[in-house]
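In each ligand, atom 1 is the first atom listed, and ligand 1 is the first ligand listed.
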Amino acid sequence: MDAINPATGEQIESYDEHTPEEVETVLSQAEAAFERWRTRPRRERETLLKSAGAVLRENARDYAQTMTREMGKPLAQAEAEVEKCAWACDHYAEHASAYLQPESHPSPPGTTVKTVYEPLGPVLAVMPWNFPFWQVFRFAAPSLTAGNVGLLKHASNVPGCALAIEEVFREAGYPEGVFQSLLVSSDRVADVLADDRLVAATLTGSDRAGRAIASTAGEHLKKTVLELGGSDPFVVLEDADVEAAATTGAWARNQNGGQSCIAAKRFIVVDAVYDAFVDRLLAAVDSLAVGDPMDPDTDVGPQARPDLVEALHEQVQASVDAGATVATGGEPLDRDGAYYPPTVLTDVPEGCPVDTEEVFGPVAPVYRVPDETAAVQKANDTQFGLGASLWTADLERGDRLAGDLEAGCVHVNELVKSDPRIPFGGIKRSGYGRELGEDGIKEFVNRKTVWLASEPDTGTPAVE
Ligand code: NAP
């Protein structure tokens, strides 16, 4: 596996894939580790997680540089990502026990009935390169603390990140085998997942990869959580603060080089404020500094790989051929590295690629709609359902319209974001299951019901 710096095209390092024998060792270590880890008092697991957070903070600059070198994220954004991972560690270190507290249920006289939350076993985590630390920690922090062990199959372009994350847990004092990275290509994932020692899988990635994981897991009846792509609407109504919406919108589309599942991907603006919004959006987009991701002044770095620039540009070209107008950007930058400029497209026709597909780069299609009803209709006119951002001065209106938007989350007057305290996930082709918050830690647990009867049962008939 070659790690290539997308800002320069230079090879950083080459890593050998794990051989089948090495994969076998990883799996048997995971199995053995789980037997010891599951019985460790949860308090100890929380303390270790707190230490993982401390390790992240101590080495934040190093980890951020590894991310930036491998996938091109501007360094300041990479440092913020490390801090967010540490926050997730702090959060579950403090709240895991409360989230997993046994729950009592109403029950017949003389009985006590409760649900207890027990770990499942080794879980496979297949992760993408776009937030190469955060995606892993938002799975690992809760799941390991619940008592599972984790195997990470990271994206093939970020092997250095995969190994650095393994090192975080080692340095924090986690026992061997509790968190391991598997350096394997995606065509070997099905065989790994089929192994009886793995009990479940989580995937963050494209819907194509989601289908592959879900079908293998289905064949072997294993639980999955899928966090897939999105085409989030960013809806601006006539009573919105247009200046704030445009400034935030430019950022919501372009942070992380536009390569975020919850980036604003379709701007839907009512006619009354359309011209004012587009003017301000263009000003905000044109003010973004594109350049070397190691430079602290850079807002937008390169795309993560040259082939992604090609695919993105094909989507733009086909949309322009179908009738869209390039308001700014629209051509790969003529410089070394995988650079695509922040781009705004107007007059976007229905059915063109930027309208119907996920656009995973700094390209903002803007739509003019007559009113609120048309805005909601356009917002929902997508196969995806991850997040949505809605701008209005009237919070009651925002709350009402949030009910009409088909998405896993709706943010009114702010960009879509995740937070360790709040459940996160999608509907439709954006996947299923939830990460983060209490829901996140309860995805990979056995919700075991325990009945305690004070008097022995003498054979009361029961249905099922
Ligand atoms: P991707 O191509 O689907 O890859 C994601 C991971 O899946 C990688 O580890 C990849 O390994 C693996 N993979 C790919 N095809 C597979 C297959 N057939 N079987 C098993 N594993 C497979 O996605 P990406 O380009 O890295 O990431 C971008 C996508 O992720 C976007 O669609 C984005 O919206 C989505 N995403 C979603 C969320 C969310 O929370 N919902 C968050 C971030 C990103 P290789 O690298 O070896 O191919």
Heavy atom to atom 5 (C) of ligand 1, shortest distance: which of Val184, Thr204, Val126, Asp232 holds it? Thr204
Counting only heavy atoms, which portion of Asn130 has something under 4.0 Å from ligand 1: side chain, backbone, both, or neither? side chain
Matching residue for Phe133 among Trp87, Phe139, Tyr63 - test: ring pair (Phe, Tyr, Trp, His ring centres under 6.0 Å): Tyr63
Interfacing atoms of ligand 1 (cut-off 4.0 Å, heavy-atom, Leu203): 7 (O)
I'd like to check which ligand 1 atoms, numbered from 1 as shown, lie under 4.0 Å from a non-hydrogen atom of Ala212. 17 (C), 18 (N), 19 (N)
Is Lys222 salt-bridged to Asp196, cutoff N-O under 4.0 Å? no
Heavy-atom nearest neighbour in the protein, as seen from atom 41 (N) of ligand 1, with distance rounded to 0.1 Å: Leu228 O, 2.7 Å
Looking only at non-hydrogen atoms, the one of Arg208, Lys153, Lys265 nearest atom 10 (C) of ligand 1 is Lys153
Nearest heavy atom to atom 3 (O) of ligand 1, choosing from Gly426, Gly205, Ala311, Ser206, belongs to Ser206
I'd like to know whether ligand 1 has Asp207 as a neighbour, heavy-atom separation below 4.0 Å. no
Proximal ligand 1 atoms for Phe424, defined as those under 4.0 Å from one of its heavy atoms: 40 (O)
Can you list the ligand 1 atoms lying under 4.0 Å from a non-hydrogen atom of Glu227? 37 (C), 38 (C), 39 (C), 40 (O), 41 (N)
Does the distance from a Lys or Arg side-chain N to an Asp or Glu carboxylate O, for Lys223 and Glu443, drop under 4.0 Å? yes
Element-labelled atoms of ligand 1 that are located less than 4.0 Å from some non-hydrogen atom of Met127: 6 (C), 8 (C), 9 (O)
Which is closest to atom 40 (O) of ligand 1 by heavy-atom distance: Gln135, Arg138, Met71? Arg138
I'd like to check Val344 versus Phe267 (side-chain heavy atoms, cut-off strictly below 4.5 Å). Are they in contact? no
Would you verify whether the NZ or CZ of Lys265 falls within 45 degrees of the ring axis of Phe360 while also being under 6.0 Å from that six-membered ring's centre? no
Considering non-hydrogen atoms of the protein only, which is the closest contact for atom 31 (C) of ligand 1, and what is the distance? Glu358 OE1, 3.4 Å
Among all protein heavy atoms in this structure, tell me which lies nearest to atom 20 (C) of ligand 1, with the distance rounded to 0.1 Å. Val189 CB, 3.7 Å
Note: ligand 1 atoms sitting under 4.0 Å from heavy atoms of Ser156 are 45 (P), 46 (O), 47 (O)
Those atoms of ligand 1 less than 4.0 Å from some heavy atom in Leu386: 41 (N)
Using a 4.0 Å heavy-atom cut-off, say whether Asp187 meets ligand 1 through its side chain, its backbone, both or neither. neither
N or O pair under 3.5 Å between Pro128 and ligand 1: no
Using a 4.0 Å cutoff against the non-hydrogen atoms of His154, which atoms of ligand 1 qualify? 9 (O)
Between Arg197 and Glu24 (salt bridge meaning N to carboxylate O under 4.0 Å), is one present in this structure? yes
Please tell me whether Thr224 and Tyr432 have a donor and an acceptor in their side chains that are separated by less than 3.5 angstrom. yes
Centre of Tyr99's six-membered ring, under 6.0 Å away, within 45 degrees of the axis: is that where NZ or CZ of Lys442 sits? no
